[in-house]
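Have a look at the structure below, then the notes.
Atoms within a ligand are numbered from 1 in the order they appear, just like the ligands themselves.
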Amino acid sequence: MTQEAHVTQGPLTTEAGAPVADNQNSETAGVGGPVLVQDQALLEKLAHFNRERIPERVVHARGAGAYGTFTVTRDVSRWTRAKFLSEVGKQTETFLRFSTVAGNLGSADAVRDPRGFALKFYTEEGNYDLVGNNTPVFFIKDAIKFPDFIHTQKRDPYTGSQEADNVWDFWGLSPESTHQVTWLFGDRGIPATLRHMNGYGSHTFQWNNEAGEVFWVKYHFKTDQGIKNLTTEEAVRLSGVDPDSHQRDLRESIERGDFPSWTVQVQIMPAADAATYRFNPFDLTKVWPHADYPPIEIGKLELNRNPQNIFAEVEQSIFSPAHFVPGIGPSPDKMLQGRLFAYGDAHRYRVGINADHLPVNRPHATEARTNSRDGLLYDGRHQGAKNYEPNSFGGPVQTDRPLWQPLPVTGTTGSTVAPSHAEDDDFVQAGTLYRLMSEDEKGRLVDNLAGFISQVSRDGIAERAIDNFRQADGDFGKRLEAAVQALRG
Ligand code: NDP
């Protein structure tokens, strides 16, 4: 649908629907006199304008979105009882919001940053949100570190800019970030477009089948457009000449009927493997090597419809990793557990307590039946229905069947951590990633890292950061150290 199709007929009105006589001149006391308080059309217009912006997302502020269709291509019912995955050929409507992480709403698209890949499935059992990224891992593995991490990515309280000192101080002191940082400064750190990159659920999630058996899964969305990236130089130029490059590319490709698609795969681990697997399978800084758990193709995601109003559908869209449907649930991944709280909390603050009921957020094929009522911008959808349960008036009742299977737990409470699996170190997979890169990509990776690390001013920070890469791979560390020294002169 084009923008012209949205033109409405009839006169301009106030918010209350009364005709507006003059939208060019304020009402004054006499010709050229002071403006009158009785010009309510003026006051209403200025007051509304002052409130056009809602709080910006603290992370993932800059986003672009599109609607699409998910189609099942493989029978997965032996692993999950989720109805939207129940038969080959079944289709589910989706909304996908892409984003950068650190930049503000008005920042450029072509930057080195992970991309959010937040996908809402409007299933018949309610909305299932898979709030992923374009990288399979993350910088940290415990949500308690997230606010500190983001503070280092955002603007310094004194300088008002992102500071190399803060970024590298945190990463150097958080060696678990080495894998994600290696990925980010490699070629895939700046995708050419949102269509030419993969998406990942990143966390491990629980699937459970009709018999109550549990499986751990990881999701992969492999781009059918092929991977295409920008070099640092190309990205710097594009950010200047076309800051909206990714948003525009997505919208225009859908407008011309060139619908981007992704092949959806899962890696599946039987529950019993988790305790003895070589890595902690719930550690967000690690992948499951494909040789251990081969990806299985289960579906196709196609984006085929643009939002018609960016504010209503992209800015006010909300996604929560806690939005599960029967047959799918959380794992003990500590980052995921923190996100189960933090996303809903952010939406309640940013969009309001009735955010779930906005058109882009509400379920399509079912309705939300709760006894929650009222709050800011409540639309009265429950009309006069009783607002408590149990009740004798035919109100909605519980199902007695949890969405996911309970998890056995042992031990005592506390925050102590210890390696629980044989290869639980912070460097092994960063080294694997480095070694799978071509010689050319290794060179670009080292140059990209050196260009940023060489901006560090405080003694010890750069050295500690380089040492993490040395632990991942000796050659990596040696080349990086030499490149940083060369730049520092
Ligand atoms: P595999 O050879 O089985 O898998 C390699 C994976 O790495 C493929 O998914 C491939 O994606 C991706 N890849 C290839 N080149 C690059 C690159 N230059 N930058 C980032 N990703 C790349 O090996 P493993 O499963 O043992 O993984 C090795 C490393 O690959 C990991 O340490 C991880 O960093 C990275 N990786 C692993 C993934 C996983 O789920 N196992 C997923 C993505 C990355 P594609 O097929 O699209 O080219």
query: Considering only heavy atoms, which of I227, V428, L433 lies nearest to atom 19 (N) of ligand 1?
result: L433
Selected option - heavy-atom contact closest to atom 48 (O) of ligand 1, from R188, H220, K286: R188
W404/F205 under ring pair (Phe, Tyr, Trp, His ring centres under 6.0 Å): CA gap, chis, key distance, verdict: CA-CA 10 Å; W404 57 86; F205 294 96; over 10 Å; no
Would you mind running through ligand 1 and noting each atom that sits below 4.0 Å from a heavy atom of [X]?
X    : answer
N198 : 47 (O)
H179 : 31 (C), 32 (O), 33 (C), 34 (O)
E441 : 18 (N)
W288 : 39 (C), 40 (O), 41 (N)
P136 : 42 (C), 43 (C), 44 (C)
Q267 : 40 (O)

message: As a test of the contact definition, would atom 23 (O) of ligand 1 count as having a protein heavy-atom neighbour under 4.0 Å?
response: no
task: Establish whether atom 2 (O) of ligand 1 and some protein heavy atom are separated by less than 4.0 angstrom.
output: no
- prompt: Looking at ligand 1, does any of its N/O atoms fall within less than 3.5 Å of an N/O of Y200?
  reply: no
message: Considering both backbone and side-chain atoms of T432, is one of its nitrogen or oxygen atoms within less than 3.5 Å of a nitrogen or oxygen in ligand 1?
response: no
Kindly give the heavy-atom pair with the smallest separation between [X] and [Y], and that separation in Å.
X    : Y    : value
N361 : I318 : OD1-N, 2.9 Å
P289 : Q429 : CD-NE2, 4.1 Å
D169 : R464 : OD1-NH2, 3.2 Å

Does only the side chain of [X] get under 4.0 Å from ligand 1, or the backbone, or both, or neither? Count heavy atoms.
X    : answer
K218 : neither
W183 : side chain
P289 : both
L436 : side chain
H290 : both

query: So which heavy atom in the protein is nearest atom 46 (O) of ligand 1, and how far is it from that ligand atom?
result: K222 NZ, 3.2 Å
message: Starting from atom 31 (C) of ligand 1, what is the nearest protein heavy atom, named by residue and atom, and what distance separates them?
response: V287 CG2, 3.7 Å
message: Given the ring of F319, does K120 sit roughly above its face, with NZ or CZ under 6.0 Å from the centre of the six-membered ring and within 45° of the axis?
response: yes
query: If you draw the axis of the six-membered ring of Y200, does the NZ or CZ of K218 fall within 45° of it and under 6.0 Å from the ring centre?
result: no
Below 4.5 Å, heavy atoms only, C-beta onward: do [X] and [Y] meet side chain to side chain?
X    : Y    : answer
K83  : T123 : no
L303 : F259 : no
Q471 : T178 : no

- request: Answer yes if the side chains of S457 and D165 hold a donor-acceptor pair under 3.5 Å, and no otherwise.
  value: yes
- request: Output, in order, the C-alpha distance, side-chain angles, deciding distance and verdict of ring pair (Phe, Tyr, Trp, His ring centres under 6.0 Å) for Y293 and W216.
  value: CA-CA 11 Å; Y293 294 96; W216 299 117; over 10 Å; no
- prompt: Hey, do the aromatic rings of W288 and F279 have their centres closer than 6.0 Å?
  reply: no
